[in-house]
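Counting convention: from 1, in listed order, for ligands and their atoms alike. All of these numbers come straight from a predicted model, not from anything done at the bench.
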Amino acid sequence: MRGRERGRGARRAGEKRGCERHAAAPPLARPSPTLPSSPSLSPLALFLLSSNFDVRAGPITSSWFTGATTNLAFNCLDRHVDAGHGDRTAFLWEGNDEGEARAVSYTDLLSLVCRISNWLLSQGVKPGDDVTLYMPMVPELPAAMLACARVGAVHSVVFAGFSAAALAARIHDSASAVVITTAAVKRGPKVIKLKAIVDEALDNADKEGHAVASVLVSSHASGPGVPARADTPMKAGRDVWWDDVIPPQAATCPPVWRGSEDPLFKLYTSGSTGKPKGVVHSTGGYMVGAAATTKFVFDARPATDVYWCTADCGWITGHTYVTYGPLLNGMTQVLFEGVPTHPDPGRVWRIVDKLKVTQLYTAPTAIRALEAAGDAWVTSSDRSSLRILGSVGEPIGPQAWHWYSDVCGGGRCPVVDTWWQTETGAHMITPLPGATPLKPGSASLPFFGVDPVLLDPTTGAVIEGPGEGVLAIRGSWPSALRALAGDPERFEATYFAPYPGFYFTGDGARRDADGYYWLIGRVDDVINVSGHRIGTAEVEAALTIHAACAEAAVVPVDHPIKGQGIYAFVTLMEGQTYPPAGDLKKELVAAVRSAIGPIAAPDAIHWAPGLPKTRSGKIMRRILRKIAGGGGLADMGDTSTLADPGVVDVLLGLKGK
Ligand code: WTA
């Protein structure tokens, strides 16, 4: 877990470079002598874990490796450099515009992280302080995350697609004194002035009574339409340019050793109420979860792999499977700034071929978008470097799974469909490639040490053997969330009160006779038709089996006889007009009837040239439910987090067509 275990040779190498970062290395990790005694658990077991997931037995707690100390930046960087891998590439950055590229070695990244760390220290940032990052996917973003980790600050990365109001709320909530951002960035053909959004957010936060002391601004994007440095307003005394203050900093900085249970980061995520939840992750447990799952689920071979996770660091996937997991494993990875379909849907496959990508980890929404663009974009590429394909974020469904596996992977690459959440920190239910027999559409089996259970939603009784219920987790796992920032009541009420004794995931799942888990979707997305529970994801998967259907989103709608009816929004393959000619609605309903049964036949099909999605690609079902229920534009509520708010108008115009 920590530096001292590496032996004398490595320490001498560090000293020779004039690096003082080991000076503060603490003694070997060992159980704390202050641990509570337990008649049933050995000191080692208590060191590994002490937890309570039962609200009836007292406060919810989860502690791993109690008393041990470590540092994430040290384990992501120094450890590999000391082992002689400093020249290995950490990031192969691919910019938004094709042809923009950079390579960053482990040695370069360590120096950069130390410089940022020293600047943070110069601003008075102390262990436990929050720092907000609002940046595009450039190497400076994971470097800034690691710099926070190095000095013991808690990073709060806000996805750079969030609005000024959303950013302000998050800065205010975490009381960050320091914000790191980028002047402007290009996303596809659009230029987005991030610094202007930060300025607006800080004005908002100011009005709420929270003043940010320092803003560090990197100037990244170049090219037409991007403001020059002189055209980016800077507030004297608060804002500084990265290029002015970071390069002069010392390239070494001793890591601040952190307790295993000290917070590493906070990440805001949407809940059932309007206020986002600040999910807090720990240091030691999170590190172990990120490192172990990356190693086993992606079969990490650091010396030869070129791993690529397309997620943005603004989401949990970009935390665990861009910044931390791959670097903890000493891997080389692609860092992609752009969007998979810019300038055309062949971009992903050109990057795969150019950089000889070995693992590709992306989301079903991207897979479906690429599929809708046509196979030729894929089949015209080589892709022979690919070993493993990964999926995350939503149920992939057998149809997209097969397309991903057969067309993208040429039938050679295992598909790891990884189920997990912001709250779980790391993969929970996932195949291990090459070891787990795959079933298309199933996330398969729990990862080591994870104990999933299915519960009867009404009684909370544990379902044994094959069955369907709400998915919960029995007992803690290392990378479990430790808290919701500043809201212990909500933490217990959301995750532990619904089913005492268990962590409640909010997802529904089915377990088959082989013990494989099939995620059905959020339990709030389960439709109850005439007393039969039908997963929206199951109906969606059935619809996408039809050759004309690119994507579907199914929501419940009130039905006078059945209680709830099934209402399906359907996006057709590229080139179709809306409404389409012929009897396509009947065919789609027939496809569902034949895949699941007449009970699941949609009551309505609503043509959807686009679906209302957040910038991270999640469908906003709340809006679809309103449209399905007959709501007009005024009933839609907050649509500001939509990637394209115009899509709502289009959908309203197609109602009943
Ligand atoms: C869904 C993303 C089915 C699920 C890592 C979960 C999935 C929510 C899968 C968490 C999967 C994630 N199959 N559903 N492989 N992965 N989900 O917090 O509903 O953004 O509860 O974390 O995404 O979303 P979050």
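Below 30°, between 30° and 60°, or above 60°: for Phe265 and His281 the angle between ring planes is between 30° and 60°, a tilted geometry.
Between Arg301 and Asp299, the closest side-chain pair of non-hydrogen atoms falls below 4.5 Å.
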Before you tell me yes or no, could you show the steps for Cys313 and Met145 under side-chain contact (heavy atoms from CB on, under 4.5 Å), namely the whole-Å CA-CA distance, both residues' side-chain angles and the distance that decides it to 0.1 Å? CA-CA 9 Å; Cys313 287; Met145 294 164 78; 4.1 Å; yes

Full working for side chain to side chain donor-acceptor pair (under 3.5 Å) between His606 and Tyr567: CA-CA 8 Å; His606 189 138; Tyr567 195 102; 2.8 Å; yes

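The salt bridge (charged side-chain N to carboxylate O under 4.0 Å, His left out) contacts involving residues 405-420 comprise nothing, where partners must be two or more places apart or lie in separate chains.
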Distances for all N or O pairs of ligand 1 and the protein under 3.5 Å?
from, atom 1, to, atom 2, distance (Å)
ligand 1, 13 (N), Glu394, O, 3.4
ligand 1, 14 (N), Pro395, N, 3.4
ligand 1, 15 (N), Asp417, OD1, 2.7
ligand 1, 15 (N), Thr418, O, 2.8
ligand 1, 16 (N), Gly393, N, 3.1
ligand 1, 16 (N), Thr418, O, 3.4
ligand 1, 17 (N), Gly393, O, 3.3
ligand 1, 18 (O), Thr422, N, 2.8
ligand 1, 18 (O), Thr422, OG1, 2.6
ligand 1, 19 (O), Asp507, OD1, 2.7
ligand 1, 19 (O), Asp507, OD2, 3.2
ligand 1, 21 (O), Gln421, NE2, 2.8
ligand 1, 21 (O), Asp507, OD1, 3.3
ligand 1, 21 (O), Asp507, OD2, 2.7
ligand 1, 21 (O), Arg522, NH1, 2.8
ligand 1, 22 (O), Thr422, N, 3.4
ligand 1, 23 (O), Gly393, O, 3.1

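Interatomic distance, CD1 of Ile520 versus OG1 of Thr536, reported as 9.0 Å (0.5 Å rounding).
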